[in-house]
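Structure first, then comments.
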Amino acid sequence: MFDSLNERLGSVFKSLKGRGKLTEAHIEDGMKEVRMALLEADVHYRVVKQFVADVKARSLGREVMESLTPGQQVVKIVYEELTSLMGEASVPLDLSGPKPAVIMLVGLQGAGKTTTAGKLALYLRKAGKKPYLVPADVYRPAAIEQLQKLAGEIGVPVYPSESSSDPLDICLNAREDARKQGCDVLLVDTAGRLHVDETLMAELVRIREKMIPSDILLVADAMTGQDAVKMASAFDQDLGIGGIILTKTDGDARGGAALSIRSVTGRPVKFVGTGEKISALDLFHPDRMASRILG
Ligand code: GDP
């Protein structure tokens with residue numbers, strides 16, 4: 001992720017750092033390049049506009065202009081603003097409330113929901129929790145089988161869902177079973193569709209009302225860029241999400257969704273998927289991401 005942005009910004013900063021003193025014109029020119037680089041990385045245009053305005057205002061301040069290393073100060077400002085754009089600190093899963101805490105995974109078909117459910121189960125187990133997986137995508141029997149297989153591989157209990165059952169009944173029965181087995185987190189893999197539609201949302205709302213999840217995570221494909229951002233807004237409006245998991249960041253050279261989604265939706269990215277393997281899930285750290293962008 002961020003390969004091209006890293007390269008583009010690298011050359012802007014090289015030229016800014018190469019000067020002893022910076023004039024307003026140098027900063028103007030540099031910011032034009034930063035703006036182009038961010039737009040090319042598929043960052044939402046409103047986010048780019050605000051970002052560049054903030055960096056410019058701070059860069060034209062006295063501490064930078066009169067400093068001995070003004071170029072370096074500008075780079076530092078860009079780093080701080082990037083970190084702030086992505087949310088400053090990483091935001092943990094919300095596992096509050098009675099046990100088992102319910103986490104709903106929602107999103108479009110193909111975003112990586114089922115794979116991510118397995119990844120989260122492994123992550124939670126490594127963190128000392130006792131997760132329980134619930135395949136609730138009854139419209140895609142392959143998804144049920146896929147999650148059962150993943151659960152078997154990592155040795156996590158999974159509800160024996162039938163595609164003929166009602167998804168809410170599956171969730172309610174799974175919660176009972178998880179309680180009996182002493183599990184503390186219920187991970188619900190819900191149905192996805194190719195597009196956001198009313199039937200899908202109505203089913204998710206019905207599950208939310210009865211299961212009272214402590215966290216609802218939208219799973220979105222980072223490679224879809226600004227479509228991922230739009231989709232997150234749509235899910236948030238209808239369902240109220242607690243955070244986002246961006247998948248396939250290993251295949252996303254641009255990084256636009258990672259940079260804009262929090263600022264546009266107000267919801268934090270909590271995890272990123274970094275590959276197809278079940279262990280390829282990382283906590284999202286805004287400061288580390290910003291460092292990666294600046295290289
Ligand atoms: P679902 O329809 O949302 O449940 O999606 P799946 O979990 O079936 O995933 C769809 C495809 O995306 C599968 O081929 C996964 O292996 C792949 N996938 C999921 N997450 C990642 C990721 O972080 N990186 C890569 N490269 N592939 C992923």
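Just follow the structure's listing: the first ligand is 1, and inside any ligand the first atom is 1. Along the sequence shown, residues carry numbers from 1.
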Fill in: Modelled atom types, side-chain donor and acceptor of Y139 and E203, under 3.5 Å
yes
Give a yes/no on ligand 1: does [X] have at least one heavy atom closer than 4.0 angstrom to it?
X	answer
G192	no
A111	yes
A280	no

Worksheet item: Using 30° and 60° as the class limits, which term best fits the ring planes of Y159 and Y132: parallel, tilted or perpendicular?
Response: tilted
Run the numbers for me: atoms of ligand 1, each under 4.0 Å from some heavy atom of [X], listed by number.
X	answer
K113	1 (P), 3 (O), 4 (O), 5 (O), 7 (O)
L108	3 (O)
T115	6 (P), 7 (O), 9 (O), 15 (C), 19 (C)
K248	12 (O), 18 (N), 21 (C), 22 (C), 23 (O), 24 (N), 25 (C), 27 (N), 28 (C)
G112	1 (P), 3 (O), 5 (O), 6 (P), 7 (O), 9 (O), 19 (C)
G273	23 (O)

Please confirm whether the backbone N or O of [Y] pairs with a side-chain atom of [X], one donor and one acceptor, at under 3.5 Å?
X	Y	value
S59	V74	no
Q226	D42	yes
N6	R292	yes

Closest approach of any protein heavy atom to [atom], naming residue and atom:
atom	answer
atom 22 (C) of ligand 1	G275 O, 3.1 Å
atom 27 (N) of ligand 1	E276 CG, 3.3 Å
atom 10 (C) of ligand 1	G110 O, 3.7 Å
atom 8 (O) of ligand 1	Q146 NE2, 3.3 Å

Between [Y] and [X], does any NZ, NE, NH1 or NH2 come within less than 4.0 Å of an OD or OE carboxylate oxygen?
X	Y	result
D177	K180	no
E28	K32	no
R206	D166	yes

Practice prompt. With heavy atoms only and a cut-off of under 4.0 Å, state how T274 meets ligand 1: side chain, backbone, both or neither.
Written response: backbone
Discussion item. Once you restrict to heavy atoms under 4.0 Å, what part of K119 touches ligand 1? Side chain, backbone, both or neither.
Written reply: side chain
Fill in: salt bridge (charged side-chain N to carboxylate O under 4.0 Å, His left out) between K76 and E80, intermediate numbers included
CA-CA 6 Å; K76 187 165 163 270; E80 288 168 0; 3.4 Å; yes
Worksheet, complete the sentence: Candidates L147, V272, D252, D250; heavy atom nearest atom 24 (N) of ligand 1 found on D250
Item to complete: Consider every N or O of T114 and every N or O of ligand 1, then say whether any pair is closer than 3.5 Å.
Response: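 By distance alone, the answer is yes.
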Worksheet item: Below 3.5 angstrom, do we get any N/O pair linking R140 and ligand 1?
Response: yes
Item to complete: Work out which heavy atom in A101 is nearest to a heavy atom in L95; give both atom names and the distance.
Response: CB-O, 3.6 Å
Practice prompt. Mark yes when over 12 heavy atoms from residues, nucleotides or ligands other than Q237 sit less than 6.0 Å from its CD; otherwise mark no.
Written response: no
